[in-house]
Structures are given as C-alpha cells and as structure tokens.
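Proteins come first, then strands; the chains are lettered A, B, ... in the order of their sequence lines, and each starts at number 1.
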Number of protein chains: 2
Amino acid sequence: MATMQEVATRAGVSIATVSFVVNGTKRVSPATRERVTAAMAELGFRNNVVARALASKRTRIIALLHPALEHRLGSTSMKFFMSAANRASELGYHLVLWPVVTGPDELRDLLSGGLVDGVVVMEVKMEDSRIERLTDLRVPFISIGRTADTTHLPFVDIDFEKTMEDGLDYLTGLGHRRIGLVIEDLEGTSMAGYAPHIRSERTFRESMTRRGLLPHVVTCGPGAAGGRQAAADLLATEPDISAVIVMKDDSAFGLVRGLSTAGRRVPDDVSVLSIASSDEAGAQSEPVLSTMNAPGHELGKLAVEALIEQLDGAAAPDAELPHLLLPCLLHVAGSTAPAPA
Amino acid sequence: MATMQEVATRAGVSIATVSFVVNGTKRVSPATRERVTAAMAELGFRNNVVARALASKRTRIIALLHPALEHRLGSTSMKFFMSAANRASELGYHLVLWPVVTGPDELRDLLSGGLVDGVVVMEVKMEDSRIERLTDLRVPFISIGRTADTTHLPFVDIDFEKTMEDGLDYLTGLGHRRIGLVIEDLEGTSMAGYAPHIRSERTFRESMTRRGLLPHVVTCGPGAAGGRQAAADLLATEPDISAVIVMKDDSAFGLVRGLSTAGRRVPDDVSVLSIASSDEAGAQSEPVLSTMNAPGHELGKLAVEALIEQLDGAAAPDAELPHLLLPCLLHVAGSTAPAPA
DNA sequence: CTTATCCAGTAAAGCGGTTAACTGACTTTT
DNA sequence: AAAAGTCAGTTAACCGCTTTACTGGATAAG
C-alpha cells in the first residue's frame, strides 16, 4: 500500500501538503491539489487508519457494546443496530458491534487504547456497573435504555411508561377489565434488574391500580415454553382473564399456544397484546399478534446522532444531556378484540 | 492514561524492557519484571492498542463482515457469531461484527489501513465479489459458506448435501414418498445466488430423482406469510404430499399454519422438517418442529481457529486451505411422523 | 519605498509503541 | 588466561500520519 510519503514524493510536495489535501485541513492551491490528487489516484493511496488514529487521537469508530452470550440479539436490537450503523456511516463514522466477552478489562483496553471514539451501551439494567465505568474512563457514550438514576446519563430509550399506559388505554377501551401481564423472569440470570421489565411491570401495577383494576402479573421461564406455562399460571390465578399484555416475542408465541391449549380462543375469549415487539414478529404467530412496535429504527438514529454531536464537540460543554424517550406504537392485528360479554 | 514511557521511568528501566515484560517477547530477570509489573499496577497502565498496531502491524482484531440491512441476523448466525467471538477471545483476539454499509471502499480502508488483521465473511453466494476482493487485497480471511468454485477459498460450511441426504433418509425411512421442498425465493433481492438455497435445492432434486421419487419444489415469498402461501401452492401441485422439508424458520412457521388452514394435520397428515434451523426456533411452533440443527457453534469455533492459525503463521505457507464441512444434526420433535397409509 | 499581511508550502516534533542491533558484565570453553 | 558465549538491558530507528511553528515570496497598506 502506498504511503503518504510516497504520494508526496510523486507529486513533488511535502508530506504535510498531502495530509492537508486528504483532510481538507488547510488551504492548498488548486494546482498542487490537482497534482496530489493525481498522484494518489495513480498509487491507489489509502489513508492508514491506524496511523491517523495514533496521530490524531480519533478513529471515527463507535462501538456498540453487547453483552456476549447472554440474551441473543432480538429483531428489535437488530433493527436498532442496523439503523445506528447506517446513520453513523452517513456521518462519516463506523459503528461496530463489539461483544464484550472477557468483562470490564477488555472494555478498558479498547477505550484507553484509543481504538474507539465513543460507545453505545445497550441492554441496560436499573443499576449498571458499565455506566459507572464508562463515566470513570471519561469515554463519550450514550445508553440505549436508562438506569434507575438518569441524572448523569445520556440516553435514548423506549418510553415504557407511556407504552404501557397506551396499551392499557387500548385494552380498557375495548372493554377489558381483567388484564394480565406476562414477563420473563430474569432473576438469577445475568440480566437480573433489566430495566424494561422492571419499568413495565411497575407501570402496569400502578396504572391498573389507578384504574381501579387488579394487576395480575405472572413471570415465566425463557422461550416459548415459558410463555406456554405462563398461560396456565395466569388462568389458574384468574380464570376469567380477558386480556394479556406480554413483553417478549418468544413468550408471546408460547402464551397464545398455551391459551389455545387451555381452550381459550384468541382473540375471542382472550386478547393478547405483545409490547416492545414488531410487525414482523407479530406476523409469525397465528392469529397475527397485535403489537406495540418498538421504535428501534428511530432510536438507533437518534442515539448515534447524539453521540456524534458529543464527539464532534458540536454540543456545548454544559449542554443538557440527551434524554430521549419514544413510545412503542400500537399496531392492531388479529390477537385483540373487544372483551367478551 | 499512563504511557509505557512513564512506567519505564517509574520502574527505572528503559521503555524497551517494559515492552518485553508486557509482551513476553524477551527474557527479563524476575527482579526487574517485578518492578515493572508493580509500576504498571500503580500507574494503571494499559497498552495502547493503536500505537501497538502501528508499530507491530497487528491489531488482534478480526472483523466479521456482515452485509448490512439485507438479511437480518438469524439465530443461527447469531450463535455462530457468539461462538466465534468467544473462541477469538480465548485465543487473544477480538472479533467484532462489522456491518459494511458503504460498499467495497469501506472494506478497503479498514484492511489496507491495518485496522483489522483478518476477516470472516458470511452469507456467501455462489459467485461472490467480496471473495475476489479479499484475495486481491491479500487479506487473511475465512469464509462461512462456499462459492461455486472453492479451489482458492478457505472455508467452513454446513454440509448441505449431506444434511439433505440425511433428511431424506429420515423421511423416506418413515415411509414418505411424496416429499416437497419449500425454499424462499431470493431472485431479484440482493441475496440472489445465496449458496445454501441453491445447494439444498439441487441436492434435493438429485437425491429425490435418484430415489425414484418426484421432487416437488416450491419457492415462496419472505416471512411467515410466504411460508403460508407455500403450503397452498404445494397442495395445489400435489394434494397427496405427505412430507415437506423447509429451509427457513419464518417459512416453516408459516408453512405449518398454512397446512393447518388447508385442513392437513401436522404431523398426522403431513410431516414437516425444518433444516438448517435450531431447537429453539423449532420450539416456537406448535407442534414443536422436528429440525436439522445448524452447527453454528462448531462452525464459529472452527472458523476462528482456522483463521487465527493462518494469522499466527502457525500454518505452513503452502498448507492445504481449510475446507471444513459439518452437517446439520437431526433433532426429532413433534412435526414428523410415519407416512399415513 | 518600507513595513505589515497574506498565502502556499515545508520542516520537524510528536502520537505510543516494537524490535533489531548493540553494550557490558559475567560465565564457559579450550 | 585469552577467546567465546550468555544474558539482562539499553539505544534508537522506525510505523504512517497530524499539526504547530516557521519560511520566503507576493500583495496591500502606510
């Protein structure tokens, strides 16, 4: 690969001039610029990213941190990732998915090594040590999801509170009064304290109570099997249940089947609303699930924009931290219907 | 962050010595080693990855290239990714998922820039320009999946041929004679020429013919809806079909529902076998699908090992290229049964 | 006609490491 | 006892690019 020095020699200029041409850092006369450009083309010059990074202390690489192994990337996360990657690319950055395998030290290496300009954190828990670590390391970052305390946290997140309220508005609007919530049980796993679950459950309980209704909450095991069991558990507690909100695609699929097995027709006897999901996921079930779609695309875009603004120093030093909340949007399909008489 | 020079000063040695301690590149007396180690600990020294990369021309980073947007990461790919990342980590490398957004130039930048030591390519088509490009750039790489011509291609892949034979052995062993194949139609999409589909279909046709049976092949649209339609199409062609092999999870879910809608019970009337799938995916359907499980875990591990062997120069210069094929393993669940009389 | 300003371009000092070649003291060999 | 090895450490030349300070000629101002 041709180096900058070779280009300089060939164009009969100094290496600095080449650098100015490449980066547009300083004015160069049209004539020399032309010579340099030609030389670059002839030699097939490519700027060495590593050398540039060392000298300038910027790589234009953003890492999307992903807790490896645990929790596989759902379609929502994937959408988010793609959207973020595209937006980053438009803004001249690379967004890579970095599975943090070995724990905090690996993180430290990348960051203090200067390999990465900034970080996006996902799958955040109510208390999350990674956040503190990033703050300590003074790495520019943004979080997808919020910890319990958000005062010093730049984040974008799904507005689970509003999503839940909207969902309940919709269901009660259909006449439902006995409504259950199915949430995967993460206690004991590495995802214990996962914020979306906790917020959703809390809001569900509060909102139901406020509406003068009894909150029926059932936790379940992982996968479709867990959802299936949840149906049985729920019906055992409250046989007259007429609507269920469920928080994970797997669980939702299992839930619907569990309800059928128990002789409840969906949506005639029991309505099912899958939240923080997507059209595509909903379409995998029969009947097609009514969903509240996670705004993965928008969140990805916004997260990257906020982070890059911070990186490029476009944001005022003491500007307010980004605190963006977007609710899931209701998409009515075949799994919800008016409450049975 | 403390630099190596600072550590050296503090320990009263030269910077080279510190480097030797850090990398174990040269013998250092226990006494000095101890002083250096202590100094590093006190200063919280972290090796600067970028500087190291520039000087040594190695980053110990491997990029898993992913064609952005197109084809979202299925659970098989994800398993593969995780397994590869873990194995890489064990071997002292980082494996990151790099969505190539802007096309070949981006690729070129990373590689000629020396940001990445090697590359893993996935979602390979029968003719794939990326392979040629990587060869041209002389970047060490390994492919998950094979192009049509594999003479110069280092790869690991699912043995679709054997998988299909095994699947057909199993089904014919159950007495099935009228067997269909459902494959998603990718013509006209960016994934046209996707190797797994082509190999599977070809082997299906050949093997069926060899067995003296008629190969019923139906292509379908994307998602569950496509699979559903495929059921109708297949029954229109061959109403007495008694078994169907299907190649994608989405399609499989839709297919099962489509069959039910058409009044066929699974598995009593029609058996369904989902290939290149996984237990977890199969469990999302009702009845639980019999699957042939993609060896994502093994492939990820093997791919990374082969690549790193190449990187570390452990392989002889003219050693044979890795050509590894692993079949999917049959996992019998609830969607297959003996052929009806 | 000076002196002050511009301007395009250059020289050179890093950025934080790696590594080949070298040094000097001490141990073996013959 | 002289020649030859060992061995732990050091020196210094890179790796390829960025960026600040500087130069010298051309133009504008006084």
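- One finds the CD atom of Gln5(A) at 5.0 Å from the CD1 atom of Ile15(A) (value rounded to the nearest 0.5 Å).
- Remark: the backbone N or O of Ala85(B) is not paired with any side-chain donor or acceptor of Ser89(B) at under 3.5 angstrom.
- A distance-only check finds a donor-acceptor pair linking the side chain of Ser56(B) to the backbone of Arg52(B) [under 3.5 Å].
- Atom CG in Asp117(A) sits about 18 Å away from atom P in dC15(C), given to the nearest Å.
- Here the P atom of nucleotide dC15(D) and the CG atom of Asn48(B) are 18 Å apart, to the nearest Å.
- Listed for the Asn86(B) side chain is no donor-acceptor partner under 3.5 Å among the backbone atoms of Ser83(B).
- Applying the 4.0 Å criterion to OP1 and OP2 of dG16(C), one finds that Asn47(B) has every side-chain N and O outside that range.
- Atoms NZ (Lys26(A)) and P (dA8(C)) sit 9 Å apart, rounded to a whole Å.
- Rounded to whole Å, the distance from CG on Asn23(B) to P on dT19(C) is 7 Å.
- Put simply, the side chain of Val18(B) reaches to within 4.5 Å of the side chain of Val22(B), judged on heavy atoms.
- Atoms CD and OG, from Glu123(B) and Ser143(B) in turn, are 10.5 Å apart once rounded to the nearest 0.5 Å.
- Between Pro322(A) and Gln310(A) there is no side-chain heavy-atom pair separated by less than 4.5 Å.
- Separation of the His323(A) and Phe155(A) ring centroids falls under the 6.0 Å cut-off.
- Only Val13(B), Ser14(B), Ala16(B), Thr17(B), listed by number, bring a heavy atom of residues 9-19 of chain B to less than 4.0 angstrom from any atom of DNA chain D.
- Shown for residues 28-35 of chain A: residues whose heavy atoms fall under 4.0 angstrom of DNA chain C, namely Val28(A), Ser29(A), Thr32(A).
- Atom CG of Leu65(A) is separated from atom CD1 of Ile144(A) by 11.5 Å, given to the nearest 0.5 angstrom.
- Protein atom CZ of Phe20(A) is 9 Å distant from nucleotide atom C1' of dT10(C), rounded to whole Å.
- Between the CG atom of Leu115(A) and the C1' atom of dC15(C) there is a distance of 14 Å, rounded to whole Å.
- Residues Glu6(A) and Thr3(A) have side chains in contact (heavy-atom distance under 4.5 Å, counting atoms from C-beta outward).
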From CA spacing to verdict: salt bridge (Lys or Arg N to Asp or Glu O under 4.0 Å), Glu90(B), Arg87(B): CA-CA 5 Å; Glu90(B) 287 169 15; Arg87(B) 188 67 186 126; 2.5 Å; yes
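- Contacts of residues 49-61 of chain B with DNA chain D (heavy atom under 4.0 Å): Leu54(B), Ala55(B), Lys57(B).
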